[in-house]
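The structure appears below as structure tokens.
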Amino acid sequence: MLDRVAVHQTRLRTPGLGLDAKGVALGAKGLVLLPSLDRLVAFLALYTRQGSLADILRSLVVEIVRSKLGAREVTLLFAAESSDRLDRVAEIARLAGGYSFTGTSRHFVQYRDAAAPFGYDVPQILPSDAALSLYHNAFSQTYEVERRVDVRTLLLRLEPHLDPSAGRDPGPRWLLAESGLGPALIRYFSRSSVEAEVGLCEWPPESSFDDAPVLRYLFRVPAIPARMVPLLTSTPGLGYFVPVAPGAAVEVGFRHPVNLRACPVFGEAGLVLFRGGGREALEIAKLPAMGDVAAFARVELGREPVAAKVAEGDALRPASVVLSLRLVPSSEPWRSVTASWIRPQEMPLLRHVAYALGPETLRRARIAFTAAGAFLRHPTGIEGIPVGEFFREVHPGLYIPAGYDAVPAVAPGVLFRALGAPAGQALFIGRDGGAIGVSEEAFVPLETALLEAQQWSAVAVSSAGLTAALATELPEVVLGGVGIRPLRDLAPSEALAEPRVLPPGPGRTPQ
């Protein structure tokens with residue numbers, strides 16, 4: 001018999017067992033013991049009908065274990081994480097005919113139930129080197145691991161159940177056709193204007209007596225007309241499948257015992273086709289190249305077109321529609337204003353403004369001096385230097401005046417190509433439509449161009465004055481007490497003399 005965990009109990013005997021925030025005895029892992037594989041399938045079917053298996057799939061380990069009596073059973077080991085998750089697993093395990101446990105390493109104790117709301121603890125640990133020790137109110141048993149069961153392999157081996165109502169809803173479909181029916185089905189879809197994609201899949205030979213691989217046509221159809229469904233589902237050699245999960249599809253009229261959408265074990269890059277009637281599933285590791293069936297439509301060649309012959313002298317040349325570039329005022333707000341054109345008469349104003357510019361502006365702005373004036377550019381905006389005519393950049397290396405638009409309203413890239421500027425040139429279009437090109441190499445940092453060369457003069461160093469100053473003897477100063485009569489050595493007339501007023505001089509103020 002197990003010991004029931006009491007309220008506020010802190011000491012437990014089961015290794016790795018502790019109390020969560022609710023006071024429930026909980027280990028790092030949860031374990032479900034099932035008597036057989038069919039009970040395992042029932043557990044997975046019940047669990048996936050209510051929720052997804054993805055929350056425990058990363059830590060899920062399914063194993064076949066053998067007791068001392070030789071009985072084989074199935075265990076599911078997973079990360080517990082919280083008592084809420086284990087409560088749900090325990091309810092489904094009881095419904096599937098299994099038992100639920102909790103623990104951390106090799107020792108697992110029965111999980112809580114209505115008789116023990118806070119769980120159970122073992123009175124004494126079994127002395128055993130077995131891989132697994134389970135403690136339950138009805139039994140205490142040790143087990144050895146025989147083999148591990150892969151969940152994906154188990155789902156592939158499960159045979160779908162007959163369900164006439166399954167897959168009758170409209171939606172996308174997968175079709176698998178034998179090599180002899182593939183071309184006919186392609187023509188049928190193309191002739192009926194059905195949107196579909198087709199690819200060719202290859203499987204190894206079914207027996208050692210066959211040398212050639214097995215080829216089948218795989219069709220992906222977004223929607224199949226209702227009139228075609230009876231033909232596609234009843235024709236031998238055709239498989240009609242309904243997608244039930246990413247990377248998995250089940251034949252129409254059948255249902256997989258486990259909700260495959262809640263078991264994300266199949267990759268989206270491939271496809272698994274579950275066939276009914278006792279046939280094994282077909283697995284495509286990677287989807288083949290898919291093409292539109294319209295590409296296989298029948299091609300008919302007509303006669304050559306009759307071309308009209310016109311004499312060379314009578315050929316008419318169309319009139320030219322070339323327009324000149326113009327700039328018109330625009331009501332759009334200014335944006336990307338990153339350059340200015342400073343005429344020669346405005347250069348003195350630039351000199352005055354430069355004294356008020358900050359170091360960041362001087363460092364990032366670049367200027368080029370030409371015969372037409374100075375061209376100033378700043379990558380984040382030229383508004384901080386209010387000199388000259390502002391320009392906005394409409395294309396890399398192409399500037400037009402701010403507040404104007406170019407007509408005809410062609411794309412900036414077309415306008416740049418029409419100007420035909422060579423590489424390494426910045427183009428500035430004036431208000432009159434004329435363009436001026438400035439070489440990119442001519443632009444230098446503004447701080448480099450502003451400050452002129454400063455003059456400096458050398459000062460002669462003489463050591464004669466320093467030597468004379470160092471040779472002068474310092475007077476000896478002695479400090480003594482003033483005594484009771486500090487002015488006793490002065491005559492009365494000297495003690496009452498008026499203070500002298502020194503004339504002002506360097507370092508002195510009138511007193």
Side-chain angles (χ1 to χ4, degrees), residues 31-65 72-78 88-89 91-98 145-169 171-176 201 203-204 206 214 216 218 233 239-287:
L31 185 142
V32 175
L33 181 66
L34 298 167
S36 59
L37 281 175
D38 60 340
R39 294 293 90 193
L40 171 62
V41 175
F43 174 84
L44 294 176
L46 293 171
Y47 192 94
T48 54
R49 295 298 175 185
Q50 300 179 5
S52 176
L53 198 66
D55 52 352
I56 65 173
L57 190 59
R58 291 183 178 180
S59 60
L60 181 63
V61 177
V62 182
E63 295 175 330
I64 303 295
V65 295
R72 289 178 173 82
E73 299 182 70
V74 183
T75 60
L76 287 86
L77 189 64
F78 54 91
R88 179 168 174 265
V89 172
E91 292 178 0
I92 298 176
R94 284 194 296 268
L95 184 60
V145 177
E146 186 172 281
R147 71 177 186 275
R148 179 173 293 188
V149 178
D150 183 51
V151 178
R152 187 179 186 275
T153 305
L154 176 64
L155 296 179
L156 284 174
R157 297 182 60 185
L158 293 178
E159 182 180 346
H161 298 166
L162 183 63
D163 187 358
S165 63
R168 300 300 179 182
D169 298 332
R173 296 290 185 265
W174 290 98
L175 293 175
L176 190 66
C201 299
W203 280 273
E206 296 182 353
V214 178
R216 293 187 178 94
L218 181 67
T233 55
Y240 189 87
F241 299 88
V242 181
V244 295
V250 180
E251 189 173 358
V252 66
F254 293 87
R255 177 180 53 83
H256 199 275
V258 178
N259 184 9
L260 298 179
R261 187 173 297 276
C263 297
V265 295
F266 302 107
E268 298 184 10
L271 182 64
V272 177
L273 302 175
F274 291 92
R275 300 185 294 180
R279 296 172 296 173
E280 62 181 5
L282 295 177
E283 184 175 2
I284 304 173
K286 184 179 179 181
L287 288 176

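Everything numeric in this text was worked out from a predicted model, so none of it was measured.
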Taking the side chain as every heavy atom from C-beta outward, state whether [X] and [Y] have any pair of such atoms under 4.5 Å apart.
X    : Y    : result
F274 : L158 : no
L154 : L44  : yes
C263 : V151 : no
V61  : F78  : no
V74  : V149 : no
L218 : L271 : yes
W203 : I284 : yes

Handout entry: Residue pairs passing the side-chain hydrogen bond (donor to acceptor under 3.5 Å, both in side chains) test where at least one lies in residues 256-265, sequence neighbours excluded
Key = none
Sequence-distant partners of [X], side chain to side chain donor-acceptor pair (under 3.5 Å), two or more places apart:
X    : value
R39  : none
R152 : E283
T233 : none
Q50  : none

Handout entry: Intermediate values then yes/no, side chain to side chain contact (heavy atoms under 4.5 Å, CB included), V252 and R173
Key = CA-CA 9 Å; V252 66; R173 296 290 185 265; 5.8 Å; no
Exercise for the section: Please test T75 against V145 for side chain to side chain contact (heavy atoms under 4.5 Å, CB included), starting from the C-alpha separation and ending with a verdict. Expected result: CA-CA 9 Å; T75 60; V145 177; over 6 Å; no
Rounded distance (nearest 0.5 Å) linking atom [atom1] of [X] with atom [atom2] of [Y]:
X    : Y    : atom1 : atom2 : answer
L175 : F241 : CG    : CZ    : 9.0 Å
L31  : L76  : CG    : CG    : 8.0 Å
D150 : L155 : CG    : CG    : 8.5 Å

Test of understanding: with side-chain contact (heavy atoms from CB on, under 4.5 Å), list the residues that count as partners of [X], not counting sequence neighbours.
X   : result
D55 : Y47, R85
A54 : S52, P264
L46 : I92, L95, A96

Measure across [X] and [Y] and return the closest heavy-atom pair with its distance rounded to 0.1 Å.
X    : Y    : answer
F266 : G247 : CB-O, 3.8 Å
L260 : A248 : CD1-CB, 4.1 Å
P257 : V41  : CB-CG1, 4.4 Å
A262 : G51  : CB-O, 3.5 Å
V250 : P160 : CG1-CB, 4.3 Å
A166 : F254 : CB-O, 3.4 Å

Name all residues meeting the salt bridge (Lys or Arg N to Asp or Glu O under 4.0 Å) criterion together with [X]; count only those two or more places apart in sequence or in a different chain, and write none if there are none.
X    : result
R72  : E146
E63  : R148
R279 : E251
D163 : R255

